[in-house]
Visitor: 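Quick one: the structure is below, and I'll ask about it shortly.
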Amino acid sequence: MSDNVFDSVAAAIGNTPLVRLNRLTEGIAATVYLKLEYLNPLGSVKDRAALAMIEAAEAAGELRPGGTVVEATSGNTGIALAAIAAARGYRAVVVVPDKSSAEKLALLRAYGVEVHVTPGGRPREHPEFVRNVAQRLAAEIPGAWYAGQYDNPANPAAHRRTTGPEIWRQTRGRVTHFVAGVGTGGTVTGTGEYLKEVSGGAVRVIGADPEASVYGGGDGRAWYIESIGHYLHPDTAADEWPLSYRPAIVDRLERVPDHESLTVVRRLAREEGLLAGGSTGTAVAAALRVARDLSEDDVVVAIAPDSGRNYLSKYFDDDWLTRLGFAPALTPAEPVVADLVTTAEVRVIGSATSAARARELLGEATALPVTVQRNGSGSPVVAEILGSVTPARLAAAPGDDPVSAHLDPPLPVIGATETIAAAAARIGDHRGPVVVAHDGSISALLDAAALKGTV
Ligand code: PMP
């Protein structure tokens, strides 16, 4: 219908604006546009895939009146499915990992969804792995249909049919580079395929990936930008990539560390007036890297999948950023935690370590953090801390047991750039070692007494 009038919320999905970046692109000759997918009526790029998957299921008779939509999702797909389900009279059941932001969980509940929160960071084969929980629920609930965005061909097809043609039309065929974060891969695959076809192969497609993600060659350890990248638990027997992602469509994959994504997304808000989510920071960081080498004839389009309103308690919260060591020192004149760190050695224990070996590693220490077992190099990520071990608990443990069976609660985490006073206040009356975080990783252990003695 014309004049922006629609018969339903689903009909209002798509046709999102392109907005040019003007300040972050200083010194760059090429034009960089951001496609504001967060202006979709349900708040994200996933509106498109959710609608396409529901329509395909209805057409195939897999989703019938009175049916239940079931999905495993970090949030946005669930939110879009929930809203469309509500408007069409379906029930919705959504399984989310516990690392999803509080805002996304609250949104799901607002649409009347039954939300199941399951621990994140589980191997693929684990019964608590998000997709396994969702598939089990779908099998149990009569009339349930499992959306399965990771492998559902309607997901990339939605972008091929809508996102790609919109970008081509909006740039009058001038787009030369397309940049998108890769989660299920639906956006980059469907949009990329269309733009390549319509341009006779001229458009370059760039995937933006968290540095640790397996897609770009990382070891799959955890990271902090939600909804993109491919995590790999070391106990996963067979790693499978989603069918929605066709890597051959990507000409270049930019690996972006979390701190760069966070810096860019905060600059977008403060210098462009664009409040976007973390994965937009990753996509724009990649777009700026690419654009730096281009000419004024080039037009780069990056996707802004969702809004920063989903992450006010994370990426836009100074306390969150500071605690994980992502923020620069807020009050540069005051001494910070990093000033107290005297050794570069990071002592952590992998979860598969035997109790006997852990007793040796513990030595004189009163506690050490236990993290997901990773044999590669690189600093352990705070998000992969499972707990801690203490001599008292280990003394009673059979020597062959893995330490993961004898965990105490995690040690407090303080940020390397926090003022010493703020960090001391954060840990309260905790005694013994605390974890010092820098850029989301464990950079050192510090004794609480050292922290308190200097305040
Ligand atoms: N960013 C956000 C915030 C998302 O919710 C998603 C969807 N998982 C993506 C990026 C990645 O999109 P896609 O699944 O199409 O690769």
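Source: prediction; values computed, not measured.
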Visitor: For Ala352, is there any backbone N or O sitting under 3.5 Å from a side-chain donor or acceptor partner on Ser404?
Guide: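 Answer holds: no.
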Visitor: Any chance CD of Glu140 has more than 12 other-residue heavy atoms, nucleotides or ligands included, within less than 6.0 Å?
Guide: yes
Visitor: Looking only at non-hydrogen atoms, find the nearest pair between Ser379 and Ser441 and report the distance.
Guide: CB-CB, 3.7 Å
Visitor: When you measure from the side chain of Asn40 to the backbone of Glu37, do you find a donor-acceptor pair of N or O atoms at a distance under 3.5 Å?
Guide: yes
Visitor: Examine distances only and state if a side-chain atom of Thr189 and a backbone atom of Arg246 form a donor-acceptor pair shorter than 3.5 Å.
Guide: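 It does hold such a pair.
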Visitor: Taking atom NE2 as the centre, does His438 end up with more than 12 heavy-atom neighbours from other residues, nucleotides or ligands that are less than 6.0 angstrom away?
Guide: no
Visitor: Nearest 0.5 Å please: distance from the CG atom of Asp339 over to the OG1 atom of Thr417.
Guide: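 The CG atom of Asp339 sits 10.5 Å away from the OG1 atom of Thr417.
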Visitor: Would you find a donor on one side and an acceptor on the other, under 3.5 Å apart, between the side chain of Gln149 and the backbone of Thr77?
Guide: no
Visitor: Determine the minimum heavy-atom distance between Phe6 and Ala12, stating which atoms define it.
Guide: CD1-CB, 3.6 Å
Visitor: Looking at Glu384 and Arg221, does any basic side-chain N land under 4.0 Å from a carboxylate oxygen?
Guide: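 Answer for the salt bridge query: no.
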Visitor: Between CG of Asn152 and OH of Tyr146, what distance do you get to the nearest 0.5 Å?
Guide: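 The CG atom of Asn152 sits 9.5 Å away from the OH atom of Tyr146.
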Visitor: Would you compute the distance between atom CD1 of Ile225 and atom NE2 of His259 and round it to the nearest 0.5 angstrom?
Guide: 11.0 Å
Visitor: Given Ile349 and Arg357, is the side chain to side chain contact (heavy atoms under 4.5 Å, CB included) satisfied, shown in steps?
Guide: CA-CA 10 Å; Ile349 295 182; Arg357 175 75 185 127; over 6 Å; no
Visitor: Where do Val256 and Ala285 come nearest, in terms of heavy atoms and distance?
Guide: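 Closest approach of Val256 to Ala285, heavy atoms only: CG1-CB, 3.8 Å.
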Visitor: Please determine if Glu103 and Lys314 form a salt bridge, counting it only when a charged side-chain N lies under 4.0 Å from a carboxylate O.
Guide: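 Judged by the 4.0 Å cut-off on N to carboxylate O distance, Glu103 and Lys314 do not form a salt bridge.
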Visitor: Let me confirm one number: the CD1-OG1 distance from Ile228 to Thr282, rounded to the nearest 0.5 Å.
Guide: 3.5 Å
Visitor: Judged by atom type as modelled, is there a donor-acceptor pair below 3.5 Å linking the side chain of Asp47 to the main-chain atoms of Ala80?
Guide: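 Looks like no, no N/O pair under 3.5 Å.
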Visitor: In sequence, state the C-alpha distance, the side-chain angles, and the governing distance for Asp439 and Phe326, and then conclude on side chain to side chain contact (heavy atoms under 4.5 Å, CB included).
Guide: CA-CA 5 Å; Asp439 286 346; Phe326 282 121; 3.9 Å; yes
Visitor: Donor-acceptor check, side chain of Gln170 to backbone of Thr16, threshold 3.5 angstrom: yes or no?
Guide: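 Indeed, once roles are kept as given, a pair shorter than 3.5 Å links the two residues.
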Visitor: Side chain to side chain contact (heavy atoms under 4.5 Å, CB included), that's the test. Do Val382 and Ile442 meet it? Break it down for me.
Guide: CA-CA 6 Å; Val382 172; Ile442 305 177; 4.3 Å; yes
Visitor: Are any of the side-chain heavy atoms of Leu21 and Ile28 separated by less than 4.5 Å?
Guide: no
Visitor: Kindly say whether Glu418 contributes a backbone atom to a donor-acceptor pair with the side chain of Thr322 at under 3.5 angstrom?
Guide: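 Side chain of Thr322 to backbone of Glu418: no pair is present.
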Visitor: Looking at OG1 of Thr68 and CD1 of Ile141, how far apart are the two atoms once the value is rounded to the nearest 0.5 Å?
Guide: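 Rounded to the nearest 0.5 Å, the OG1-CD1 separation comes out at 5.5 Å.
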Visitor: Does any part of the side chain of Tyr224, heavy atoms only, come nearer than 4.5 Å to the side chain of Trp320, both counted from C-beta?
Guide: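 Touching, per the 4.5 Å side-chain cut-off.
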Visitor: Do the side chain of Glu272 and the main chain of Leu24 share a donor and acceptor less than 3.5 angstrom apart?
Guide: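 The answer is yes, because a donor-acceptor pair under 3.5 Å joins these two groups.
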Visitor: Identify the two heavy atoms, one from Val341 and one from Ala444, that lie closest to each other, and give their separation to 0.1 Å.
Guide: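 Shortest heavy-atom separation between Val341 and Ala444 comes out as CG1-CB, 3.6 Å.
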Visitor: Quick one: do the Lys104 and Ser227 side chains pair a donor with an acceptor below 3.5 Å?
Guide: yes
Visitor: In Å and rounded to the nearest 0.5 Å, what is the NE2 to NZ distance from His430 to Lys452?
Guide: 8.5 Å
Visitor: Would you please classify the geometry between the Tyr231 ring and the His233 ring as parallel, tilted or perpendicular, with 30° and 60° separating the classes?
Guide: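 Rings of His233 and Tyr231: perpendicular, over 60°.
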Visitor: For Gly216, does its backbone N or O pair with a side-chain atom of Asp209 as donor and acceptor, under 3.5 Å?
Guide: yes
Visitor: Side chains of Leu18 and Leu34: does their closest heavy-atom pair fall under 4.5 Å?
Guide: no
Visitor: So Arg48 and Glu166, salt bridge (charged side-chain N to carboxylate O under 4.0 Å, His left out) or not? Walk me through it.
Guide: CA-CA 13 Å; Arg48 300 174 189 267; Glu166 285 174 30; 2.8 Å; yes
Visitor: How about Leu81 and Tyr90: do any of their side-chain heavy atoms sit closer than 4.5 Å?
Guide: no
Visitor: Would you find more than 12 non-hydrogen atoms of other residues, nucleotides or ligands less than 6.0 Å from Arg20 atom CZ?
Guide: no
Visitor: Can you confirm whether Val32 sits close enough to Val284 that some side-chain heavy atom of one is under 4.5 Å from a side-chain heavy atom of the other?
Guide: no
Visitor: For Leu446 and Val434, what are the C-alpha separation, side-chain angles and deciding distance, and is it a side chain to side chain contact (heavy atoms under 4.5 Å, CB included)?
Guide: CA-CA 5 Å; Leu446 202 59; Val434 297; 4.1 Å; yes
Visitor: Which heavy atom of Asn310 sits nearest a heavy atom of Ser101, and at what distance?
Guide: O-OG, 2.8 Å
Visitor: Mark yes or no for whether Asp251, through its side chain, and Arg204, through its backbone, hold a donor-acceptor pair below 3.5 Å.
Guide: no
Visitor: Using salt bridge (charged side-chain N to carboxylate O under 4.0 Å, His left out), reason through Asp319 and Arg426 one step at a time and then give a plain yes or no.
Guide: CA-CA 10 Å; Asp319 189 64; Arg426 186 189 295 289; 3.1 Å; yes
Visitor: Hey, is Lys46 close enough to Glu71 for a salt bridge, meaning N to O under 4.0 Å?
Guide: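 Judged by the 4.0 Å cut-off on N to carboxylate O distance, Lys46 and Glu71 do not form a salt bridge.
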Visitor: Could you tell me whether Arg136 atom CZ has more than 12 heavy atoms of other residues or ligands within 6.0 Å of it?
Guide: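 For Arg136, atom CZ is crowded (more than 12 foreign heavy atoms under 6.0 Å).
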Visitor: Quick one: does Ser279's side chain get under 4.5 Å of Pro305's, heavy atoms only?
Guide: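 Yes, at least one pair of side-chain atoms sits under 4.5 Å.
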Visitor: Please report the closest heavy-atom contact between Ile303 and Ala180, naming both atoms and the distance.
Guide: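 So the two residues come closest at CG1-CB, 4.0 Å.
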Visitor: Within the 4.5 Å heavy-atom criterion, are Tyr245 and His230 side-chain neighbours or not?
Guide: no
Visitor: Any side-chain heavy-atom pair from Asp219 and Leu232 closer than 4.5 angstrom?
Guide: no
